[in-house]
Amino acid sequence: MPEEIQTTQMPNAEARPDRYDPRTIEEKWTAQWANDPELYASEPHSDKKKFYVLEMLPYPSGALHMGHVRNYSIGDALARFMWMSGYNVLHPMGWDSFGLPAENAAIKNQRQPKEWTLSNIAAMKKQMKRLGFAYDWSKEVTTCLPDYYRWNQWFFLKFYERGLAYKRKSKVNWCPECATVLANEQVVDSCCWRHETTRVEQRELEQWFFRITNYAEELLKDLDQLEGWPEKVKTMQRNWIGRSEGALVTFKLDGPAGPHGDSITVFTTRIDTIFGATSLQLAPEHPIATDLIAGNAELLASVEELMAQQRAAKEVGDIGAIEKHGVNTGAFAINPFNGEKVPIWIANYILMDYGTGAIMSVPAHDERDYEFAEKYGIEKRVVVLPRRVGEPPAAGQPETNVLPYSGTDSLLINSGEFTGLPVQEALVKMAKFAEEHGFGKATVTYRLKDWGISRQRYWGTPIPMLYCGKCGVVPVPEHQLPVLLPENVEITLAGGSPLTRAADWLNTTCPRCGGPATRDTDTMDTFVDSSWYFYRYTNPQLTTAPVDTKTIDYWFPIDQYIGGVEHAILHLIYSRFWTKVMRDLGLVHNSEPVTRLFTQGMVIKDGAKMSKSLGNLVSPDDMVARYGADATRMYTLFAAPPDRDMDWQDAGVEGVSRFLARVYRLIAQNPMANCGASNYSLGDLSPQGKKVARKLHQTIKRITDELNGRWHFNTCVAALMEFVNECYAAPELFASPKPGVEQTFVSDAQRKLVLLLQPFAPYLAHEMWTMLGEQGNLLRAPWPKYDPALAKEEVVEIVVQVNGKIRSKLTVSTDATDDEVKALALADEKVRAAIEGKEIVKIVVVPRKLVNIVVK
RNA sequence: GCGAAAGUGGCGGAAUUGGCAGACGCACCAGACUUAGGAUCUGGCGGGUAACCCCCGUGAGGGUUCGAGUCCCUCCUUUCGCACCA
């Protein structure tokens, strides 16, 4: 039916089938989906392939931003595609809802954190539903509710039983802005990860720690198995774990023992160079250093200065640029390998929190030691040959050059009984020698530190520990869980944990002796919440255990995790650690939580990441109101490949919206009943019909390949646009197909277009699905298959080059042989003009692509 | 300093294994339909050129190849990660 006739018949604009009105369509379906909780529900199903697709859960700040929309649009497209591909899909969502912003809001707006958080959740959930994301809300997890955080406490007790949770006094990173402790992972360039310009201070506090270092080796080793993870993330984790193989060697002091003992233990990765050690260097805070300078005011002052220099360098975040300074203590230690006395120095570039806080200095073979020795005139003694094993000495080069060659494939010299050994062998033998003689051993050091989880904050999981005057530290018995977070507590940022002021809650009885006891007033780092939430999704209402192992066995590991790269170390290393502990507790059987990880790019506007402070935010609500959820979502997929940063342009959404309107009109002008058969052949169609059919099947192939492969959804959308353009090139075909095969084809093409659209623009797809008279659930309709016979072109354009320059183009049958193509090319007028009078050296034929005639 | 990724029209981006550079979209220009158009449809749109043929063109320079955005080398720029870790 011609468009203009239809439009004049329509009583009101809203219902005009030539007018795409996303708002009416989307609100209708939002309501319908809300009434159908089974739609996205997924339960374990023994005879169905599962697919667990997960997007990182948001912090309920109050409103979604475009970064969220992009993240969830990627995951949703995948989930929808996998459903249509026949998988049993788990696609849950939840709320990482403990944390400081709720407390700030409480102070600022006089609202309770709980009320503030829950109302934010309600608002954001509504936004998500309006955007049409296909989440199974029956699996929703809200980490700030006792249903969830009681299991944090349960895990804490299990960790404690296993010695994986312990308390110690330690120097901690303190953010004055947050008024709480930060984990090492939360300190970025010496500043708070939340307050990027706030310098972190060092404070001494009693803290609970999780012994993640017990798993350092496994966390490192298992990275090799994570083939579906970006190399970049794995590299960041490897750097963070920072494994270093070496040896500990103990040097006895050449003098009386002080309060901190009579020896210095150094960590070295080059024990083979120990005969070249001409001094020891201690960190300014090293206990022995304290002993050695005690009572010497001059030394004390110098060391204070070294400490200040180190602190300053750390604050700038560039300890690497520190200018080396040191002081000679005048004391000596004995090198246990040769009995030599070596001077003990204190230096500003030695870090107390790495290794043992003490090194042996070998100026001849270490650049840093060289620099230091140059400055202070310390002897440089060569103990490794300046060349590889088997290499003859270079002519004119001294056999014992300082800093000659830093490789470990050389030979030792001047090293007592170890002289002549290759370095690699010496490393092993000398560590063994030290161990046999009781002054050292081979060891491995990590940069990774235990995870400090105590936070002096209110809005978090209470740590389930008690302090009894008689019994000391006592865990809350399991049956008393949860330790509920008390409500209506006065919240201030200063003055330690607000929980210290909740007297009723704070004072309790000791479960061991029945005497008075007080609760731990700290709460857990929120990264505890996000370390295992994805397990809880599988069975969020379970009251007897954190998870049901059988259910986990079905769903895990997560097939696809999608989120920002900013979580490469924090969240993603904690989650891996937690999984390994859960495995050791017998709760899960997988050792890694995530098979494939995808890190999407940021949303950029006007050259910078969208942020409130820059004022370049684009509100998803505004976009949805103006263009609809489908257009907004589809644009986030269209603007760039999902792993790259995308540049937001309002006009771009409009373009996508126009495309959706074109799709709508294409089908709405003449929605056809299901003709059943889809087995037409090209020969039955008109030339126009053939072109459309070919394009359709090529489009199916392109989109299917992308969804199964590299995920360049931008080209999927482009492919859909190309197909629709092809349809518009033959306007009568869709408007009034001829009875018979043509109608069958158009009916089929309409359906396939809707199916292909579903992952990217679900609202419009559902609307058109019913418009076509289909009753079944579109989300479970089978993904269309492409027919290679239909996708194949009959003729192909061949480029003819002469010496690599395009001279002509030929249209030949796809089945033409190389010789036929060659003959056609040589017969071509333009080609003949180009090669006239020249000798043909060679003719290259690339089937279905080109001919290159090489002449001279 | 070390390592990784990237650099293509006015803009976002395409070109999956070396084979027509610029798909698709935005912006812009012209036309059609219209009382009107910020709707819709049609066409154009890298640069040089009045235009055709043609020449040039994927950060710069070299190389391999019949043929290079794609592979190799050197350099430049941007982004990210690491950086006295002994």
Side-chain angles (χ1 to χ4, degrees), chain A residues 3-4 18-19 230-233 235-240 242-244 246 266-270 273 281 283 310 313 317-324 347-351 353-362 366-369 371-372 445-447 565-566 568-569 601-602 604 635 638-641 643-656 658-659 661-662 665 702 705-706 709-710 712 714-725 728-729 731 797-806 809 830 833 841-855:
Chain A
E3 261 178 274
E4 61 271 22
D18 69 329
R19 189 163 175 276
E231 234 12 87
K232 180 190 166 87
V233 172
T235 303
M236 285 168 76
Q237 293 209 357
R238 281 189 193 104
N239 286 338
W240 191 260
R243 183 182 198 274
S244 182
V266 302
F267 173 70
T268 176
T269 56
R270 291 295 302 272
T273 62
Q281 305 284 343
Q310 188 175 96
D318 198 0
I319 187 81
I322 195 172
E323 200 190 327
K324 290 182 183 56
N348 63 354
Y349 68 99
I350 306 299
L351 306 169
D353 57 8
Y354 183 79
T356 59
I359 64 155
M360 62 178 203
S361 180
V362 185
D366 181 285
E367 275 183 48
R368 295 157 303 182
D369 296 346
E371 190 190 329
F372 193 86
T445 301
Y446 299 90
R447 233 171 56 115
V565 73
E566 65 271 19
I569 36 184
M602 292 186 297
I604 304 287
Y635 175 63
F638 179 57
D643 54 334
R644 293 244 293 266
D645 288 351
M646 74 166 269
D647 191 90
W648 183 276
Q649 296 177 354
D650 287 352
V653 197
E654 200 162 331
V656 172
R658 277 206 282 265
F659 163 68
R662 267 163 82 79
R665 286 194 303 272
R702 274 177 73 181
D705 287 352
E706 284 294 351
R710 57 173 198 174
H712 282 195
N714 54 331
T715 62
C716 293
V717 177
L720 284 167
M721 287 171 170
E722 282 182 53
F723 172 65
V724 170
N725 289 346
Y728 272 88
E797 195 173 51
I798 302 266
V799 173
V800 186
Q801 298 179 331
V802 176
N803 283 351
K805 290 203 184 288
I806 296 160
K809 289 177 184 179
K830 287 181 199 157
V841 180
K842 182 177 173 183
I843 300 180
V844 180
V845 181
V846 182
R848 285 182 287 280
K849 287 258 166 71
L850 73 91
V851 178
N852 189 11
I853 301 164
V854 186
V855 296

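The sequence lines fix the lettering, A, B, ..., with proteins before strands; numbering per chain opens at 1.
- Rounded to the nearest Å, the gap between the P atom of B:U8 and that of B:C2 is 25 Å.
- Residue contacts shown for A:Pro731 are absent, as no nucleic acid heavy atom lies under 4.0 Å away.
- The side-chain hydrogen bond (donor to acceptor under 3.5 Å, both in side chains) test applied to A:Asp650 returns A:Trp648, not counting sequence neighbours.
- Residue A:Lys809 is in base contact, counting any heavy-atom pair closer than 4.0 Å across all strands shown.
- In textbook terms, a nucleotide whose glycosidic angle is within 90° of 0 is syn, while B:G22, being further out, is anti.
- Shown here are the side-chain hydrogen bond (donor to acceptor under 3.5 Å, both in side chains) partners of A:Asn725, two or more places apart in sequence or in another chain: A:Arg662.
- A:Asp353 comes within 4.0 angstrom of no nucleic acid atom, judged by non-hydrogen atoms across all strands.
- Counting any heavy atom pair closer than 4.0 Å across all strands shown, A:Asn852 reaches a base atom.
- The side chain to side chain contact (heavy atoms under 4.5 Å, CB included) check on A:Asp353 picks up A:Lys314, A:Leu351, A:Lys449, with sequence neighbours excluded.
- For A:Gln649, the side-chain hydrogen bond (donor to acceptor under 3.5 Å, both in side chains) test picks out A:Asp647, with sequence neighbours left out.
- Distance noted for atom C1' between B:G61 and B:U77: 15 Å (whole Å).
- Remark: A:Asp705 engages A:Lys701 in a side-chain hydrogen bond (donor to acceptor under 3.5 Å, both in side chains) (not counting sequence neighbours).
- With sequence neighbours excluded, no residue forms a ring-ring contact (aromatic ring centres under 6.0 Å, His included) with A:Phe267.
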Practice task
Dot-bracket for RNA chain B, please, read 5' to 3', with Watson-Crick or G-U wobble pairs under 3.5 Å on both distances, ( ) within the strand, [ ] crossing, | other strand, . unpaired.
Solution key: (((((((..(((......[....))).(((((.......))))).(((.....)))..(((((..]....))))))))))))....
Problem - Sequence-aligned protein contact record of nucleotides 22-37 of chain B, with B where the base is within under 4.0 Å of a protein heavy atom and S where only the sugar-phosphate is - result: -BBSSS----------
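- Counting non-hydrogen atoms under 4.0 angstrom, A:Leu850 reaches a base of the nucleic acid.
- With sequence neighbours excluded, the residues forming a side chain to side chain contact (heavy atoms under 4.5 Å, CB included) with A:Arg243 are A:Glu217, A:Leu220, A:Glu245, A:Val444, A:Tyr446, listed by chain and number.
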